[in-house]
Protein chains: 2
Amino acid sequence: MTGQACSNTDKHGENVGQVRSTMLSEKDFLFLAELFKALGDYTRVRILYALSVSELCVCALAEVLDMSQSAISHQLRLLRAARLVRYRKEGKNVFYALDDDHVDNLLKQGLDHIQEEGQV
Amino acid sequence: MTGQACSNTDKHGENVGQVRSTMLSEKDFLFLAELFKALGDYTRVRILYALSVSELCVCALAEVLDMSQSAISHQLRLLRAARLVRYRKEGKNVFYALDDDHVDNLLKQGLDHIQEEGQV
DNA sequence: TCTTCAAATGAACAAATGCTCATATGTAAA
DNA sequence: TTTACATATGAGCATTTGTTCATTTGAAGA
């Protein structure tokens, strides 16, 4: 909470200054956190993974994940807010898909990371 | 919660089956969610970004983020659990660093995504 | 040994989250 | 227009989360 936490400011002083000047804006960090937060839920990550395989309507998603339509819809709302998915309406249905390749890449990168875990 | 949510099973039936068979294990999705959850917090994402610039001890991190040592330490605990950071002890200090390149890549990929947002 | 300082941790509590249930909205068929 | 169905949303509630405060652990210096 205070300015300096430990006494050896001399030692890490240079680093602290350098890192501080490299930090992004509060807004950027908030967006970044929001993005990962949206990915960071068991239900939502399954939704996104499913959508990486195929575009799906809400009821199909509910069926794939074996969850209520309401629960899925609430989560899709968050995913929309985080711009991780886009949708198109077709009659009574609404079809969802991943917003862009970044989302797919994030999932893949995440999978790489957790699959590497086994080695450690 | 039930098996099928909507009636046009005929239409999306094929997709549902295909997607279902492609889904990962519950364990994998839980790990994946855990990973992104660890990234999905304003404080933690700032910690990780700072560590992507330079290895830092806890007190230096507290100084950079202007937060209490305790708060930082609690968050580092989560980041350790998610294997996003590693640490080495040097005297009274503990220096933290990103665990591997995947973490760096995830951050970069995330930044790409949020910076692209502006266009939409 | 005693003291000091960096880091870790447990308890507590306010705030955020994810679900259910009930209901509203909107589209299409009867 | 009614009816039926897909989706969205609001309220409510149990659970999780992120911080503070107090304390503990552990290493280095007096």
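Just so we're on the same page: letters track the sequence lines, and every chain starts at 1. All heavy atoms count here, side chains included; hydrogens, waters and symmetry mates do not.
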I'd like to know if A:S70 reaches the base of D:dT9 with its side chain such that a donor and an acceptor end up less than 3.5 angstrom apart.
yes
Check the phosphate of [N] against [X], side-chain N and O only, distance under 4.0 Å to OP1 or OP2. Yes or no?
X: A:R44; N: C:dT17; result: no
X: B:Q69; N: C:dC5; result: no
X: B:T43; N: D:dT19; result: yes

Mind calculating the distance between [atom1] ([X]) and [atom2] ([N]) to the nearest angstrom?
X: A:N93; N: D:dA6; atom1: CG; atom2: P; value: 7 Å
X: B:F36; N: C:dT17; atom1: CZ; atom2: P; value: 18 Å
X: A:L78; N: C:dT17; atom1: CG; atom2: P; value: 8 Å
X: B:R80; N: C:dT9; atom1: CZ; atom2: C1'; value: 10 Å
X: A:Y87; N: D:dA6; atom1: OH; atom2: C1'; value: 15 Å
X: B:K92; N: D:dA27; atom1: NZ; atom2: P; value: 12 Å
X: A:Y96; N: D:dT7; atom1: OH; atom2: P; value: 9 Å
X: B:R88; N: D:dA27; atom1: CZ; atom2: P; value: 16 Å

Return yes if some donor-acceptor pair links the side-chain N/O of A:R46 with the main-chain N/O of B:M23 below 3.5 Å, else return no.
no
Looking at A:G40 and B:K37, what are the two nearest heavy atoms and their distance?
O-CE, 3.1 Å
Along DNA chain D (nearest heavy atom to each residue), the more 5'-positioned of A:L76 and A:K37:
A:L76
Scan B:Y42 against the nucleic acid and name what it touches under 4.0 Å (heavy atoms): base, sugar-phosphate only, or nothing.
nothing
Return the orientation label for the A:Y96 and A:Y87 ring planes: parallel under 30°, perpendicular over 60°, tilted otherwise.
tilted
Can you say whether the rings of A:Y49 and B:F29 are parallel (under 30°), tilted (30 to 60°) or perpendicular (over 60°)?
perpendicular
Which of these passes side-chain contact (heavy atoms from CB on, under 4.5 Å) with B:I47: B:L79, B:L84, B:D41?
B:L79
Which listed nucleotide (D:dG10, D:dG18, C:dT9) is nearest to the side chain of B:R77?
C:dT9
Looking at C:dT9 and B:H74: do their rings stack (centroid distance under 5.5 Å, interplanar angle under 30°)?
yes
Starting at the 5' end of DNA chain C, which residue's closest nucleotide do you reach first, A:E34 or A:K89?
A:E34
